[in-house]
Asker: 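My questions all concern the structure below.
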Amino acid sequence: MEITTIIMKAAQTAVVLGAMFFAARFVNARLDATYEGKAHLAFRKQLIQIGCLIGGVLALILLLPIGSALTGQLIGLFGIVVSATIALSSATLVGNMMAGITLRIVDSFRPGDFIAVGEYFGRISEMDLLHVEIQTEQRDLTTLPNLYLVQNPVKVMRPSGTILSVDLSLGYDVPRRQIEAVLLAAAEKTGLDKPYVEIRSLGDFSVTYVVSGLLTELNKLIGKRRELRAYVVDGLHDAGIEIVSPTFMNTRAWPTEKLFIPPVEKKKSTDESASKAAEQPDALVFDKADKAESLAKLKEQRSHFEQRLKECQAALADASDDARKRALTEECEHIEQRIARLQAVIEAREAQISQ
C-alpha cells in the first residue's frame, strides 16, 4: 500500500510539473505572439511575465500532492523569500524594477526630453523596466539604472524652452553699460527671447557677467549655445574690449597700446548660413533621441485613434438606423486604415532606432 501511495503521488507530481511546464510555454508563446513587433509595449510584457512567474509558483505549491500543513509552510516560505528578495535586492534587479514602475507612475519625462542627473546630461532615447538610455553631447549612448534616477534629482528641460547662458569675467576698467549692450546684442542675434544680463559677482580683479535668454527650440541647443558664444566673442572684439584676465594684463611685458584682439576679418558667409551651420551639430549628436521623440508622438497619435475606434465601434453597436450604421462603418474603416498606416510607420521607426 505504501509503495502504491508513493507511486501515485510521484505520478501526480509529474503530471503537475508537466502541466505547469506546458502552461508556462503556452503563456510565453502567447505573450511573444501578442507583443511581437510592439517594442513600445515591452514594459507591459515584462510586468505580465513577472506576475505570471509569481502566480505560477503559488499554483505549483497549491497543486502539489502534499499535506495542507506543508502547503502552508511552503507558501509562507515563498512569501519570506519574495519579501527578502525585495528587501535585500533594492539596489539591484528588483530595486530597478520597482524604480522603473515609479518613474512610469510619476511620468515626469519621456523619450526625446533633455535631462540632467548627477554628472550626466543628454536626451532620452529609450525607457525600459530596468534602465533609461540617454544620448549625450558626444553622440554616445549612456545607460542609467532606474534606481539611480529615483535616488538623484533629475532636471528636465521644459518643452516650452530653457534659459541659455554664457558667463565671462572682464576688468573694472571696461564700462558696465558698454559690456551689457554688447552682450544683449549677441543674445538677440542668437535669436533668444527676452535676453538679460546679470552681474554675478564682483571679484578682486574682475566683474563676472552672465548673459541669458530663453531658447524655445530645444532641438537646436548645441548649435545655439555655440552661436551665442561666437557672437559674444565677436561683439566684444568689434567693440575693442579685451577678453583677458586683468592679472595677465598687469604682469605682461607688452606695450600699453598693444591689444589682444584679432584683426577684423571679412565676412565670408551671411548670418543665415552661419545659423544653418549652427543647427547641424544637434541633428548629428541627438539623432537617436530625435527618432525616439518622433516615435513617442506617433504612439500618442495611434493611442488617440485607437480610442476613437472604440468609441466608433460602441456607437455602431448601439445604432439602429441603416444610414447611421453605414456612416459609422465607413468611419471605423477609415480609423482602422489610419491606425494601420501609423503602425507601419512606428515599426519602421523602431527598426531605425535599433540600428
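Side chains are part of it too, since the values below use all heavy atoms of this structure and drop only hydrogens, waters and symmetry mates.
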Asker: With side-chain contact (heavy atoms from CB on, under 4.5 Å) as the criterion, how do Asp128 and Val132 come out once you've worked through the C-alpha distance, each side chain's angles and the decisive distance to 0.1 Å?
Answerer: CA-CA 6 Å; Asp128 204 344; Val132 169; over 6 Å; no

Asker: Can you confirm whether Glu188 sits close enough to Pro195 that some side-chain heavy atom of one is under 4.5 Å from a side-chain heavy atom of the other?
Answerer: yes

Asker: So, using side-chain hydrogen bond (donor to acceptor under 3.5 Å, both in side chains) as the criterion, who are the partners of Arg225 when residues are at least two apart?
Answerer: Glu137

Asker: Using side-chain heavy atoms (C-beta onward) and a distance below 4.5 Å, is Leu184 in contact with Val197?
Answerer: yes

Asker: Linking I/L/V/M/F/W/Y whenever any side-chain heavy atoms sit under 4.5 Å apart, do Leu60 and Ile50 land together?
Answerer: yes

Asker: What distance do Ser108 atom OG and Lys155 atom NZ have between them, rounded to the nearest 0.5 Å?
Answerer: 14.5 Å

Asker: For the pair Phe114 and Phe121, evaluate side-chain contact (heavy atoms from CB on, under 4.5 Å) and give the outcome as yes or no after the intermediate values.
Answerer: CA-CA 7 Å; Phe114 283 91; Phe121 171 77; 3.6 Å; yes

Asker: Going by side-chain hydrogen bond (donor to acceptor under 3.5 Å, both in side chains), name the residues that satisfy it together with Arg110, two or more places apart in sequence or in a different chain.
Answerer: Glu300

Asker: From Arg338 CZ over to Leu309 CG, what is the distance, rounded to the nearest 0.5 angstrom?
Answerer: 12.5 Å

Asker: Tell me who clusters with Val15, hydrophobic residues only, linked when side chains sit under 4.5 Å apart either directly or through other members.
Answerer: none

Asker: Give a yes or no on whether the backbone of Ala186 and the side-chain of Thr190 come within a donor-acceptor separation of less than 3.5 Å.
Answerer: yes

Asker: Show the numbers, then the answer: is there a side-chain contact (heavy atoms from CB on, under 4.5 Å) between Glu330 and His334?
Answerer: CA-CA 6 Å; Glu330 293 178 358; His334 177 69; over 6 Å; no

Asker: For residues Val150 and Ala99, report the shortest heavy-atom separation together with the two atoms involved.
Answerer: CG2-CB, 3.5 Å

Asker: Given a cutoff of under 4.5 Å between side-chain heavy atoms of I, L, V, M, F, W and Y, with clusters grown through shared members, what are the other residues clustered with Phe22?
Answerer: Phe21

Asker: Hey, what do you get for SG (Cys52) to CZ (Arg30), rounding to the nearest 0.5 Å?
Answerer: 12.5 Å

Asker: Quick one: closest heavy-atom pair of Ile48 and Leu31, and the distance?
Answerer: CG2-CD2, 3.8 Å

Asker: May I have all residue pairs that pass side-chain hydrogen bond (donor to acceptor under 3.5 Å, both in side chains) and include part of residues 176-185, sequence neighbours excluded?
Answerer: Arg176-Glu180

Asker: Got a sec, which residues hit side-chain hydrogen bond (donor to acceptor under 3.5 Å, both in side chains) with Glu133, two or more places apart in sequence or on another chain?
Answerer: Ser125, Lys288

Asker: I'd like to know whether His131 forms a side-chain contact (heavy atoms from CB on, under 4.5 Å) with Glu126, so could you lay out the CA-CA distance, the side-chain angles of the two residues, the decisive distance to 0.1 Å, and finally the verdict.
Answerer: CA-CA 8 Å; His131 73 278; Glu126 184 178 328; 3.8 Å; yes

Asker: Which pair of non-hydrogen atoms, one from Gly203 and one from Tyr172, has the smallest distance, and what is that distance?
Answerer: O-OH, 2.7 Å

Asker: Report the relative orientation of the aromatic rings in Tyr148 and Tyr120; use parallel for angles under 30°, tilted for 30 to 60°, perpendicular for over 60°.
Answerer: perpendicular

Asker: May I ask you to test the Gln313-Glu336 pair for a side-chain heavy-atom distance under 4.5 Å?
Answerer: yes

Asker: State yes or no: do Leu214 and Val211 share one hydrophobic cluster built from I, L, V, M, F, W and Y residues joined by side-chain heavy-atom distances below 4.5 Å, directly or via other members?
Answerer: no

Asker: Examine distances only and state if a side-chain atom of Asn152 and a backbone atom of Gly118 form a donor-acceptor pair shorter than 3.5 Å.
Answerer: no

Asker: Would you say that Asp113 contacts Pro111 through its side chain, given a criterion of any heavy-atom pair below 4.5 Å between the two side chains?
Answerer: no

Asker: Provide the closest heavy-atom pair for Ala319 versus Leu328 in the form atom of the first, atom of the second, distance.
Answerer: CB-CD1, 3.9 Å

Asker: Any non-hydrogen side-chain atom of Ile115 less than 4.5 Å from a side-chain atom of Met157?
Answerer: no

Asker: Let me know which of Ile179, Val174, Asp167 forms a side-chain contact (heavy atoms from CB on, under 4.5 Å) with Tyr209.
Answerer: Ile179

Asker: If you define the side chain from C-beta out and look only at heavy atoms, does anything of His237 sit under 4.5 Å from Ile243?
Answerer: yes

Asker: Looking only at side chains, do Thr136 and Thr142 share a donor and an acceptor under 3.5 Å apart?
Answerer: no

Asker: With a 4.5 Å limit on heavy-atom distance, are the side chains of Lys224 and Leu164 in contact?
Answerer: yes

Asker: Applying a strict under-4.5 Å side-chain criterion to I, L, V, M, F, W and Y, I'd like to know whether Tyr196 and Leu228 cluster together.
Answerer: no

Asker: Between Leu70 and Ile61, is there a shared hydrophobic cluster once you connect ILVMFWY residues whose side-chain heavy atoms come closer than 4.5 Å?
Answerer: yes

Asker: With heavy-atom distances below 4.5 Å as the criterion, would you say the side chains of Leu149 and Val154 are in contact?
Answerer: yes

Asker: Rounded to the nearest 0.5 Å, what separates atom CG in Leu130 from atom OG1 in Thr143?
Answerer: 11.0 Å

Asker: Please give me the minimum heavy-atom distance between Ser165 and Val210, naming the atom from each residue.
Answerer: CB-CG1, 4.0 Å

Asker: When rounded to the nearest 0.5 angstrom, what is the spacing between CG in Asp193 and CG in Leu215?
Answerer: 8.5 Å

Asker: Can you tell me if Arg302 uses its side chain to pair, donor with acceptor, with the backbone of Leu342 under 3.5 Å?
Answerer: no

Asker: Is it the case that one hydrophobic cluster holds both Leu183 and Ile163, taking links as side-chain heavy atoms less than 4.5 Å apart, direct or via other members?
Answerer: no

Asker: Which atom pair, heavy atoms only, marks the closest approach of Met20 to Gly56?
Answerer: CE-O, 3.2 Å

Asker: How long is the straight-line distance from CD of Glu311 back to SG of Cys332, given to the nearest 0.5 Å?
Answerer: 10.5 Å

